[in-house]
Visitor: 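First the structure, then my questions, so here it is.
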Amino acid sequence: MNVLRLLREHFRQALLALNISEPEQYLDLIRPTSDSRFGDYQANLAMPLGKALGRPPRTLAAEIIAHLALDEATEPPEIAGPGFINLRLRSDWLARQLLHVAPDDRLGVTAVSVPQTFVLDYSSPNVAKPMHVGHLRSTIIGDCLARTLRFLGHRVITDNHLGDWGTQFGMLIYGYKHYRDEQALRRDPVREMLRLYVLVREKIREAGNTAEEDEEEAANPVAEACRLETAKLHAGDPENLELWRRMMPWCLAELERIYRRLHIQFDYTLGESFYHPMLTEVVQDLLQRGIATYSEGAVVVFLNDQQPPAIIRKRDGAYTYMTTDLATVRYRMERFRPEAILYVVDFRQSLHFQQLFEIARRWGYKNVRLEHVSFGSVMGPDRKPIKTREGGAVELEALLDEAVRRARAIVDMNSPELPEDKRAQIAEVVGIGAVKYADLSQNRTSDYVFNWDKMLAMDGNTATYMQYAYARIRSVFRKGDICPEEIRRVQEMPRLSTPEERNLALWLLRLSEAIENAASEYRPNHITAYLWELANAYHAVYQNHPILKAPDETLRRSRLLLCDLTARTIKLGLGLLGIGTVEQM
RNA sequence: GCCCCCGUAGCUCAGCAGGACAGAGCGGCGGUUUCCUAAACCGCAGGUCGCAGGUUCGAAUCCUGCCGGGGGUACCA
């Protein structure tokens with residue numbers, strides 16, 4: 001059930017009946033009303049249509065209405081202002097739709113008729129570095145998009161393109177060779193790796209202290225030594241390769257722990273190292289096809305006069321991440337045959353992706369949508385981007401711990417009667433949910449200022465608010481000793497006896513609009529905005545009308561059905577965001 | 001220099017393939033509890049949508065210029 005789609009289909013028919021060619025272009029102008037005074041949906045197409053046909057919009061609007069076969073679903077449409085067509089859904093129609101949705105696990109959201117294959121590239125942290133808040137966005141947004149596209153019936157392949165072959169490994173190898181603590185390594189290798197990484201970073205900073213920014217690395221003996229270790233690794237040096245093989249599982253275990261806590265899973269974890277053996281051949285192929293050329297000792301692809309060329313092999317013979325990314329495109333195309341590959345990556349890499357996509361097209365990959373799903377930076381309190389090397393980034397795990405700690409404090413205060421382990425479990429779900437929601441509820445393209453209080457807020461438009469609404473509904477069912485399944489089975493038209501109930505019904509039926517918007521624009525905040533409206537609509541009912549003590553039995557069942565649907569919608573919506581619910585809180 | 005993004009209420013942000021008086025959260029002020037969880041609800045205050053032009057019946061939304069901020073820009077990823 002998608003109300004908007006239904007309305008648009010009716011308008012399409014009406015426009016066709018009026019001999020208007022290509023009606024599709026006008027159907028976007030049918031949308032939810034900007035103000036509930038104007039009804040539930042409004043069609044703004046008479047004005048542009050009037051201009052195109054050279055006819056008065058209001059007359060045209062009247063003609064369109066005359067050809068609409070919407071009597072069952074809407075009240076008689078009204079024409080307003082310059083030619084707005086205002087639509088108000090009939091309450092009995094809304095009630096009937098709810099009845100249809102009630103037994104459906106998908107709550108009326110239909111799967112797409114033509115599933116597509118999406119490869120989603122997200123999270124992709126550099127291993128051997130602690131994850132920080134900057135990694136959160138990619139990880140959480142990517143996970144949400146994967147869940148959402150999958151729910152809509154698409155084939156989704158998630159791939160964590162780890163940075164497991166870069167300079168940070170040179171740093172680790174250098175650290176291992178010079179500063180390792182054997183005992184610590186045996187006791188807790190992950191922690192020791194972290195110590196070594198931080199230590200080497202510190203050494204580099206010390207060594208480079210006097211150098212200028214530009215020549216820092218050239219003038220920095222420690223950085224130079226690290227680069228040498230990286231080069232040896234890439235050249236296949238047995239000792240470094242062996243060290244890499246030893247360290248990788250430790251690094252992965254560290255990442256895995258955080259992903260488990262965030263309930264994030266990948267179908268594949270094919271890092272940069274996986275593509276290393278293919279790079280020589282990729283460059284050869286691009287040269288042979290005349291896509292790449294030699295320039296100043298490097299192998300590059302010239303794109304246009306405005307841009308510097310993309311380098312796919314450096315003067316010293318080393319490959320760049322452009323090379324790796326090209327190899328990755330080819331591998332994914334051959335193995336998964338996707339219709340789309342989405343890269344959920346920081347907007348600062350937009351030039352890189354622009355170049356990557358252009359080269360991929362020249363290479364022959366034209367029948368695939370390559371999309372950079374970019375997002376803004378996390379800014380520090382000074383409104384400047386948090387950068388790892390500035391050391392200003394908050395480590396992810398510390399963030400999660402703090403979130404859970406705060407949630408725990410509130411649980412302890414509000415529900416001291418619950419057993420200890422229960423409260424801990426609730427705090428985990430609420431805390432992690434707060435962090436995820438704070439990120440997902442914002443338009444991903446915006447930068448945002450990192451702020452503990454905001455990110456961990458538990459009031460306003462937050463996961464906690466939704467979880468709370470959910471828990472309260474579950475509490476109603478517990479109090480009344482009512483089984484939701486029975487309420488769903490009663491095939492009786494719900495009674496929308498008040499404006500609040502009618503409004504809630506309307507929002508319940510808009511779930512698919514929200515999900516489809518989120519999927520088509522790759523923007524989770526459409527789902528959070530929807531949940532916020534829904535939860536508000538529910539609270540308005542809950543606050544003003546008794547449910548268990550409704551005036552009569554029919555109304556009681558009717559309201560319980562609304563409750564049940566609301567709870568399931570919240571759970572489903574939060575689920576798409578990768579956020580859990582609890583029965584009590 | 002060139003390219004990209006951003007500038008909306010005290011703060012953080014929605015809205016931007018043009019549409020009906022610009023929205024929300026937080027913060028501030030004031031209310032609501034014999035009632036299904038007050039992690040809730042209701043009300044009030046608060047905005048020249050950076051500035052100036054332009055296109056349009058209609059511009060926060062599109063175009064141009066300017067101001068301010070961020071990012072990127074041949075061998076880091």
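Just so it is clear, the structure is predicted and the values come from calculations on it, not from any experiment. Note on naming: letters A, B, ... go to the chains in the order of the sequence lines (proteins, then strands), and numbering restarts at 1 for each one.
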Visitor: What distance, rounded to whole Å, do you find between the two C1' atoms, one in C42(B) and one in A59(B)?
Guide: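 Roughly 35 Å separates the two C1' atoms.
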
Visitor: If you pin Pro546(A) and Arg444(A) to their nearest nucleotides in RNA chain B, which one's is more 5'?
Guide: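 Its nearest nucleotide being more 5', the pick is Arg444(A).
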
Visitor: For the base of A40(B) and the side-chain ring of Tyr542(A), does the geometry meet a stacking cutoff of under 5.5 Å between centres and under 30° between planes?
Guide: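 The base of A40(B) is not stacked with Tyr542(A) (the test needs centres under 5.5 Å and planes under 30°).
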
Visitor: Which comes earlier along RNA chain B counting from the 5' end, the contact point of Ala471(A) or that of Asn126(A), where each point is its nearest nucleotide?
Guide: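 Closest to the 5' end, via its nearest nucleotide, is Ala471(A).
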
Visitor: Strictly below 4.0 Å: does Tyr468(A) bring a side-chain N or O up to OP1 or OP2 of A39(B)?
Guide: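 Affirmative; the distance criterion is met.
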
Visitor: How would you list all residue pairs meeting ring pair (Phe, Tyr, Trp, His ring centres under 6.0 Å) that involve residues 541-560 of chain A, not counting sequence neighbours?
Guide: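 Non-adjacent pairs meeting ring pair (Phe, Tyr, Trp, His ring centres under 6.0 Å): Tyr538(A)-Tyr542(A).
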
Visitor: Does anything in residues 424-441 of chain A reach RNA chain B, meaning a heavy atom under 4.0 Å, and if so which residues?
Guide: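 Heavy-atom cutoff 4.0 Å gives no residues at all.
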
Visitor: Kindly assign one of parallel, tilted or perpendicular to the pair His234(A) and Trp165(A), based on the angle between their ring planes and the thresholds 30° and 60°.
Guide: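 If you compare the ring of His234(A) with that of Trp165(A), the planes turn out parallel.
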
Visitor: Grab the NE2-P distance between His135(A) and A77(B) for me, whole Å please.
Guide: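 Between P of A77(B) and NE2 of His135(A): 15 Å.
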
Visitor: Quick one: does NZ or CZ of Arg510(A) land under 6.0 Å from the six-membered ring centre of Tyr41(A), within 45 degrees of the ring axis?
Guide: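 Yes, Arg510(A) and Tyr41(A) form such a contact.
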
Visitor: Using the P atom as the reference point in each nucleotide, state the distance between U61(B) and A20(B) in Å, no decimals.
Guide: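 To the nearest whole Å, 13 Å.
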
Visitor: C41(B), OP1 or OP2 - any side-chain N/O from Asn536(A) closer than 4.0 Å?
Guide: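 For C41(B), OP1 or OP2 has a side-chain N or O of Asn536(A) closer than 4.0 Å.
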
Visitor: A14(B), OP1 or OP2 - any side-chain N/O from Ser446(A) closer than 4.0 Å?
Guide: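 Affirmative; the distance criterion is met.
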
Visitor: Apply salt bridge (charged side-chain N to carboxylate O under 4.0 Å, His left out) to Asp564(A) and list each qualifying residue two or more places apart in sequence or on a separate chain.
Guide: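 Partners of Asp564(A) by the salt bridge (charged side-chain N to carboxylate O under 4.0 Å, His left out) criterion, ordered by chain and then number, come out as Arg488(A), Arg568(A).
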
Visitor: In whole Å, I'd like the distance from the NE2 atom of His372(A) to the P atom of G71(B).
Guide: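 One finds 16 Å between P of G71(B) and NE2 of His372(A), rounded.
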
Visitor: Taking the P atom in each of A14(B) and G7(B), what is the distance between them to the nearest angstrom?
Guide: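 Between the two P atoms, the distance is 8 Å.
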
Visitor: Over how many whole Å does the gap from Arg227(A) atom CZ to C75(B) atom C1' extend?
Guide: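 Checked: the CZ to C1' distance equals 11 Å.
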
Visitor: Take the protein atom CD1 of Ile410(A) and the nucleotide atom P of A39(B), then report the distance between them rounded to whole Å.
Guide: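 So the CD1-P distance, Ile410(A) to A39(B), works out to 10 Å.
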
Visitor: Suppose you measure atom P in G30(B) against the same atom in G69(B); what distance do you get, rounded to whole Å?
Guide: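 G30(B) and G69(B) have their P atoms separated by 40 Å.
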
Visitor: Run the ring pair (Phe, Tyr, Trp, His ring centres under 6.0 Å) test against His526(A) and tell me which residues pass, sequence neighbours left out.
Guide: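 Counting only residues at least two positions away or on another chain, His526(A) forms no ring pair (Phe, Tyr, Trp, His ring centres under 6.0 Å).
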
Visitor: Decide, applying a 5.5 Å centre-distance limit and a 30° plane-angle limit (both strict), whether Tyr465(A) stacks on A39(B).
Guide: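 Ring-base stacking flag not set for Tyr465(A) and A39(B).
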
Visitor: Output the pairing pattern of RNA chain B as a dot-bracket string, 5' first, Watson-Crick or G-U wobble with both distances under 3.5 Å, | for cross-strand pairs, [ ] for crossing pairs.
Guide: (((((((..((((.....[...)))).(((((.......))))).....(((((..]....))))))))))))....

Visitor: How many whole angstroms separate atom CD of Gln42(A) from atom C1' of G58(B)?
Guide: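 Interatomic distance, CD of Gln42(A) to C1' of G58(B): 14 Å.
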
Visitor: Taking the six-membered ring for Trp, are the ring centroids of Tyr343(A) and Phe353(A) within less than 6.0 Å of each other?
Guide: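 Distance test on ring centres: under 6.0 Å, yes.
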
Visitor: If you compare all heavy atoms of Arg58(A) against all heavy atoms of Ala80(A), which two are closest, and at what distance to 0.1 Å?
Guide: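 For Arg58(A) and Ala80(A), the tightest heavy-atom pair comes out as NH1-C, 3.7 Å.
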
Visitor: Under 4.0 Å, counting only non-hydrogen atoms across every strand here, what does Ala469(A) touch: a base, just sugar-phosphate, or nothing?
Guide: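 Since no nucleic acid heavy atom lies under 4.0 Å of Ala469(A), the category is nothing.
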
Visitor: Given His539(A), which of Tyr465(A), Trp532(A), Trp507(A) fulfils the ring-ring contact (aromatic ring centres under 6.0 Å, His included) condition?
Guide: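 For His539(A), the ring-ring contact (aromatic ring centres under 6.0 Å, His included) test succeeds with only one of Tyr465(A), Trp532(A), Trp507(A), which is Tyr465(A).
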
Visitor: Tell me, please, which residues at least two apart from Glu371(A) pass salt bridge (charged side-chain N to carboxylate O under 4.0 Å, His left out).
Guide: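 Checked Glu371(A) against salt bridge (charged side-chain N to carboxylate O under 4.0 Å, His left out); matches are Arg369(A).
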
Visitor: In this structure, how many angstroms lie between the P atom of A39(B) and the NE2 atom of His539(A), rounded?
Guide: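 Roughly 10 Å, once rounded to whole Å.
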
Visitor: When you measure from the side chain of Asn525(A), which nucleotide among A14(B), G70(B), U12(B) comes out closest?
Guide: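 Within the option list, the nearest is A14(B).
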
Visitor: For A74(B), does the O4'-C1'-N9-C4 (purine) or O4'-C1'-N1-C2 (pyrimidine) torsion place it in syn, i.e. within 90° of 0, or in anti?
Guide: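 Anti for A74(B); the angle lies over 90° from 0.
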
Visitor: Do Asp316(A) and Arg227(A) sit within salt-bridge range, that is, some charged N less than 4.0 Å from a carboxylate O?
Guide: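 Result for this pair is no, no salt bridge flagged.
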
Visitor: Going by the rule side chain to side chain contact (heavy atoms under 4.5 Å, CB included), which residues pair with Asn414(A) if we only count those two or more places apart in sequence or in a different chain?
Guide: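 Listed in chain order: Ile410(A).
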
Visitor: Nearest heavy-atom pair of Thr581(A) and Val429(A): which atoms, and what distance?
Guide: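 Heavy atoms of Thr581(A) and Val429(A) come nearest at N-CG1, 4.1 Å.
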
Visitor: For the residue pair Met47(A) and Gly83(A), what are the closest heavy atoms and their distance?
Guide: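 Residues Met47(A) and Gly83(A), closest heavy atoms: SD-C, 3.6 Å.
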
Visitor: How far does the P atom of G47(B) sit from the matching atom of A40(B), given to the nearest Å?
Guide: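 Nearest-Å result for G47(B) against A40(B) at atom P: 27 Å.
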
Visitor: Please enumerate all residues that pass salt bridge (charged side-chain N to carboxylate O under 4.0 Å, His left out) together with Glu272(A), with sequence neighbours excluded.
Guide: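 Partners of Glu272(A) under the salt bridge (charged side-chain N to carboxylate O under 4.0 Å, His left out) test: none.
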
Visitor: Mind listing the residues from residues 307-318 of chain A sitting with a heavy atom below 4.0 Å of RNA chain B? Number order is fine.
Guide: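 Result for residues 307-318 of chain A: Pro308(A), Pro309(A), Ile311(A), Lys314(A), Arg315(A), sorted by number.
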
Visitor: Over all strands shown, is Ser350(A) touching base, sugar-phosphate only, or nothing at heavy-atom distances under 4.0 angstrom?
Guide: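 Ser350(A): no heavy atom of the nucleic acid under 4.0 Å.
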
Visitor: In whole Å, measure the gap between the P atoms of C75(B) and G18(B) for me.
Guide: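 Going atom to atom, P in each nucleotide, I get 41 Å.
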
Visitor: Can you name the salt bridge (charged side-chain N to carboxylate O under 4.0 Å, His left out) partners of Glu553(A), sequence neighbours left out?
Guide: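 Glu553(A) satisfies salt bridge (charged side-chain N to carboxylate O under 4.0 Å, His left out) with Arg556(A), Arg557(A) once adjacent residues are dropped.
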
Visitor: When the aromatic ring centroids of His161(A) and Tyr321(A) are compared, is their separation below 6.0 Å?
Guide: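 Here the rings of Tyr321(A) and His161(A) have centres that are no less than 6.0 Å from each other.
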
Visitor: Between A24(B), G19(B), G70(B), which one does the side chain of Asn44(A) approach most closely?
Guide: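 The listed nucleotide nearest to Asn44(A)'s side chain is G19(B).
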
Visitor: Work out how far the P atom of C26(B) is from that of C44(B), and round it to whole angstrom.
Guide: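 Here C26(B) and C44(B) have their P atoms 15 Å from each other.
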
Visitor: Which of residues 26-37 of chain A sit near RNA chain B, with a heavy atom under 4.0 Å from it?
Guide: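 Here the set is Asp28(A), Arg31(A), Ser34(A), Asp35(A), Arg37(A).
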
Visitor: Looking only at heavy atoms, what is the nearest atom pair of Ala298(A) and Ile311(A), with distance?
Guide: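 Looking at all heavy atoms of both residues, the shortest contact is CB-CG2, 4.5 Å.
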
Visitor: Restricting to non-hydrogen atoms, name the atom on Leu531(A) and the atom on Ile570(A) that form the minimum distance, rounded to 0.1 Å.
Guide: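 Heavy atoms only, the tightest pair is CD2-CA, 4.0 Å.
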
Visitor: So if I take residues 45-60 of chain A and measure heavy-atom distances to RNA chain B, which residues fall below 4.0 Å?
Guide: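 Result for residues 45-60 of chain A: Met47(A), Pro48(A), Lys51(A), sorted by number.
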
Visitor: Within the structure, does a side-chain N or O atom of Ser475(A) lie under 4.0 Å from either OP1 or OP2 of U37(B)?
Guide: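 Yes.
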
Visitor: Looking only at atom P, what distance separates C21(B) and G25(B), rounded to whole Å?
Guide: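 After rounding to an integer number of Å, I get 22 Å for this pair.
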
Visitor: Specify the closest pair of heavy atoms between Ser415(A) and Arg423(A), including all atoms of both residues, with the distance to one decimal.
Guide: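 Scanning both residues completely, I find the closest heavy atoms to be O-CD, 3.5 Å.
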
Visitor: Using a cut-off of strictly less than 4.0 Å, decide whether Asn461(A) has a side-chain nitrogen or oxygen near OP1 or OP2 of A24(B).
Guide: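 For A24(B), neither OP1 nor OP2 has a side-chain N or O of Asn461(A) closer than 4.0 Å.
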
